[in-house]
Amino acid sequence: MPICALCGRDVPTLTEHHLVPRSRGKKGQELPTVMICSPCHRQLHVLFTNEELARDFNTLEKLRENEAVRRFVKWIRKQHPESYVRVRR
Ligand SMILES: [Zn+2]
Ligand SMILES: [Zn+2]
């Protein structure tokens, strides 16, 4: 099974998160993306606006250093990979 780049769990499917939103990219530019599970993906978009993601969290390292992300990852690692996980606000 694929492994989420953020929480490191084996999950049934991964989703592609654009570290730099498509709207920010210059024409023909290769935009960095990460493959993460859908709960992680939803959580990122709940925690941060697209502005913040593009400005402050445009690498996986920066996301991992964020306290809220770390708390979420710690929590999600205890959840069963296939159970539907509600996004906490
Ligand atoms: Zn994940
Ligand atoms: Zn995304």
Side-chain angles (χ1 to χ4, degrees):
M1 283 211 282
I3 290 173
C4 170
L6 194 62
C7 67
R9 296 182 310 154
D10 291 334
V11 287
T13 48
L14 291 175
T15 58
E16 189 174 30
H17 171 66
H18 287 254
L19 290 165
V20 179
R22 268 164 290 202
S23 56
R24 293 300 177 98
K26 294 177 194 75
K27 219 180 173 177
Q29 192 190 0
E30 204 46 37
L31 294 174
T33 61
V34 282
M35 297 307 286
I36 56 178
C37 68
S38 52
C40 282
H41 202 172
R42 286 198 309 266
Q43 186 70 19
L44 289 185
H45 286 281
V46 167
L47 289 170
F48 311 113
T49 63
N50 282 341
E51 284 288 298
E52 290 171 325
L53 286 168
R55 192 186 58 221
D56 302 327
F57 301 104
N58 50 18
T59 69
L60 200 55
E61 286 68 35
K62 288 178 189 168
L63 284 168
R64 285 209 186 103
E65 281 166 14
N66 179 269
E67 187 55 37
V69 173
R70 277 157 61 156
R71 274 203 307 269
F72 171 77
V73 166
K74 204 175 160 196
W75 172 80
I76 192 111
R77 279 187 176 147
K78 295 181 212 139
Q79 313 306 311
H80 191 272
E82 300 193 33
S83 64
Y84 180 78
V85 178
R86 274 188 54 123
V87 171
R88 300 177 307 163
R89 286 180 194 261

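Being a predicted model, the structure only gives us computed values, none of them experimental. Keep in mind that the numbers below use all heavy atoms, side chains included, and drop hydrogens, waters and symmetry copies. Ligands are counted one by one from 1 in listed order, and the atoms in each one are counted from 1 as well.
- The atom of His17 nearest to the Zn ion (ligand 2) is ND1, with the search restricted to N, O or S atoms.
- Backbone or side-chain N, O or S atoms of His41 do not reach the Zn ion (ligand 1) at under 2.8 Å.
- Two residues are said to be in side-chain contact when any heavy atoms from C-beta on lie closer than 4.5 Å; Phe48 and Asn66 meet this criterion.
- Contact record, Ile36 with His41: CD1-CA, 3.6 Å, taken as the closest heavy-atom pair.
- A donor-acceptor pair is defined here as one N or O able to donate and one able to accept, closer than 3.5 Å; no such pair exists between the side chain of Arg9 and the backbone of Cys4.
- Under the side-chain contact (heavy atoms from CB on, under 4.5 Å) rule, Met35 has a single partner from Val11, Leu14, Thr15, which is Leu14.
- At least one N, O or S atom of His45, from either the backbone or the side chain, sits less than 2.8 Å from the Zn ion (ligand 2).
- Considering the Zn ion (ligand 1) as centre, the angle to SG of Cys40 and to SG of Cys7 is 110° (10° rounding).
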